[in-house]
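Each remark here refers to the structure printed beneath this line.
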Amino acid sequence: MVVKKTKNPMERYEQDKVILEVRKLNKHFNIDSRMRVAAKSVKAVNNVSFDIKENETFSLVGESGCGKSTTGRTVLRLIEPTSGEIYYKGKSFLELSGKELRKERQNLQMVFQDPYTSLNPKMTVGQIIEEPLIIHKLYENKQERVNKVLEMMERVGLRKDQYYRYPHEFSGGQRQRIGLAKALIVNPKLIVCDEPVSALDVSIQSQILNLLQNIKKEMNVSYLFISHNISVVRYISDRIAVMYLGHIVEIAPTDELFNNPKHPYTQALLSAVPEADPHLKKEKIELKGDIPSPIDPPSGCPFHTRCPKARDDCKYAEPVYTDINEEHRVACLLYEY
Ligand code: SF4
């Protein structure tokens, strides 16, 4: 028997260009003991593993409350994980502290869902975009910083004469451009985009998605893209992970996931996407019931309470990942042999 050697994170970075590797990540929030519930924690993220390559857009998709935003924040250590491993460029990100952590954070930025609340209303656009340069001490000279800010404003589609204006003077799409410029000004290698277009009108959404695509090519950046909207995710992603109740239930390249979905939850999500051709009829798969509480998740397969294909053993046997092919894996008992 040939035993396949597993590469370590540094080998995966150097040989396969894996910029971020997340292994068995868990984030459980303790509940205030005054709340009279049996369980003591909200299991928001459970055993989540994935990787992102250089210049790749990797997306997490799932219904609201499935743990995708918590995963994004935990990866950046805006909240600390309960357990698991995170490697950036082959080195453990969780072992960094103090100066080292601050330095590396420059390479990992975030764009938020609501561009208005994430921008300080008392600061001008110029000050907002310049702030990360000051925090990371990137340019000592004020004029150099101003030039850099003006260059970045142009790059994201803002005008130079808007430098002295305030966030409330801009539309939602323009505010998202400001948020993007603020993230990009420090030349990051990975940006976590948390529902970056869901607060915008549909016509503006495509402008921001195209901008993200162009910036990815021009600046060689990778994205961890988080969205509940499977159509948006299809447009922008190279690979997609589908999340349900804090678990990744299926991972595949975008075309593979849409052409050959395996997990019953993925099949239900995709069945709700309208066809471009109205003559093509598709049966919508209705899921029964609501998403169970992450305080008291179901035993066995977390999806068994809503799954149209559930069997008796799904109530107690927890699925492990099955490889459909080299890049496509699914956690469902139907595919275990
Ligand atoms: Fe459905 Fe069972 Fe597969 Fe879970 S393991 S998705 S309940 S068939």
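Whatever order the structure lists them in is the order used to number ligands and atoms, beginning at 1.
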Strictly under 2.8 Å, how many protein N, O or S atoms lie near atom 2 (Fe) of ligand 1? Waters don't count. 1

Quick one: salt bridge (Lys or Arg N to Asp or Glu O under 4.0 Å) partners of K262, sequence neighbours excluded? none

Listed by chain and number, what are the side chain to side chain contact (heavy atoms under 4.5 Å, CB included) partners of A181, not counting sequence neighbours? I129, M152, V156

Side chain to side chain contact (heavy atoms under 4.5 Å, CB included) partners for S271, two or more places apart: K284, I285

Can a salt bridge be assigned to the pair E104 and K89 using a cut-off of 4.0 Å between side-chain N and carboxylate O? no

Got a salt bridge between E63 and R306, using NZ or NE/NH1/NH2 to carboxylate O under 4.0 Å? yes

Can K27 be said to sit on top of F29's aromatic six-ring, NZ or CZ under 6.0 Å from centre and within 45° of the ring axis? yes

Distance filter under 4.0 Å to H263 heavy atoms, resulting ligand 1 atoms: 6 (S)

